[in-house]
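So that we are looking at the same thing, I have put the structure below in structure tokens.
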There are 2 protein chains.
Amino acid sequence: MQITDADRRILRQMMAEPGLSVADLAERAGVTAATCWRRIERLREAGVLRGEHAVINWHALGWEVEVSLRFTLDKTDPRAFDEFTVAAREVPEVIEIQSFLGSTDMRLQIIARDMAHYQQIYRKRILTLPHIAELDALMLVSTIKSSAELAL
Amino acid sequence: MQITDADRRILRQMMAEPGLSVADLAERAGVTAATCWRRIERLREAGVLRGEHAVINWHALGWEVEVSLRFTLDKTDPRAFDEFTVAAREVPEVIEIQSFLGSTDMRLQIIARDMAHYQQIYRKRILTLPHIAELDALMLVSTIKSSAELAL
DNA sequence: GATGAAAAATCTGTGAC
DNA sequence: GTCACAGATTTTTCATC
């Protein structure tokens, strides 16, 4: 798919001010609402726009503990990656799963109500994940920036 | 702010099916559209709901390289954290900044068009960030899960 | 102080140009 | 790509609990 300057302006605006209506987006991107809508539709069909994501402030909801866990897997078993991933997806407190090339294989981000809750998840759901060779945990203090304002 | 059962149902539904209209959300959460709208507004004002973000497929836009960088800072200087954070925010290719308690102090996530572009960002914008003591990089292969479906 | 019903304002999605 | 428009949706108002 060919991405025009107008597409780029729309995408940039979506990143800069998420949640804007199509009409407002159109105005800021310098196109009419109908055009903007059709472009968004095209971007969706082309797989550039994957959908929407509600951004929730877990802290305000009383989920105080956020942890980033890095795993090295036991690569002697070729099924390690798949089985680890499938098992990790099933833990509801896991809010992000990333896979890497390098010494670390996977990263999970986890939220919990408090330390006691985290301990419980850690022992019952994390340490029981399959094929873990090594693991190290970092307590998250804050997420400062979580978006992009790129010159596409 | 007091969070009711209806609020929880609305939030859970928003996470499960982002982008739903207020009317549909209301139906699924078992409240009227007006009530649902008012509750969402309250959650927004209370800072529980930070908004809805469009999920962009960088790969489809031709941004092929994604990297996670972990930093240990030089803590002999008390301004290290602030100065590092301020400088990191200004790099447009940095799409996430997290700060931790533990051996690692910061994590940045970066996107680049290709390896050559990444090398350039790495040398000119990352290695020049202030107060870096140690740093290690991981090439991201994929992000598999990036949401939560929690029993709030 | 919170709710639902209904009206008013606004936006979306489509067709014609 | 623009314009016009019907239908849908959001947001306000108001009477009620």
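Just so it is clear: chains get the letters A, B, ... in the order the sequence lines come, proteins before strands, and each one is counted from 1.
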Item to check | Sugar-phosphate or base contact per nucleotide [nucleotides 5-17 of chain C; S, B, -; heavy atom under 4.0 Å] | outcome: B-----SSSBB--
Next on the checklist: Rounded to whole Å, please give me the gap between CD1 in B/Ile10 and P in C/dA2.
Outcome noted: 14 Å
Checklist outcome for this item: Nearest heavy-atom approach of A/Glu64 to A/His59 is OE1-NE2, 3.0 Å
Checklist entry - Just how far, in rounded Å, is C1' of D/dT10 from CD of B/Glu52? => result 14 Å
Checklist entry - Where is the tightest heavy-atom contact between A/Ala80 and A/Asp74, given as atom of each residue plus distance? => result CB-O, 3.5 Å
Item to check | Side-chain donor-acceptor pair present, A/Arg107, B/Ser68, cut-off under 3.5 Å | outcome: no
Item to check | A/Gln98 and B/Glu66 side chains, donor-acceptor separation under 3.5 Å | outcome: no
Next on the checklist: If I take atom CD in residue A/Glu27 and atom P in nucleotide D/dC3, what distance separates them, rounded to the nearest angstrom?
Outcome noted: 14 Å
Checklist entry - For B/Ile40 and C/dA2, what is the distance between atoms CD1 and C1' respectively, to the nearest whole Å? => result 16 Å
Item to check | Test log, rule side chain to side chain contact (heavy atoms under 4.5 Å, CB included), inputs A/Ile110 and A/Leu69 | outcome: CA-CA 8 Å; A/Ile110 289 181; A/Leu69 292 158; 3.2 Å; yes
Next on the checklist: A quick test of your reading: do over 12 heavy atoms of other residues, nucleotides or ligands sit less than 6.0 Å from CZ of A/Arg9?
Outcome noted: yes
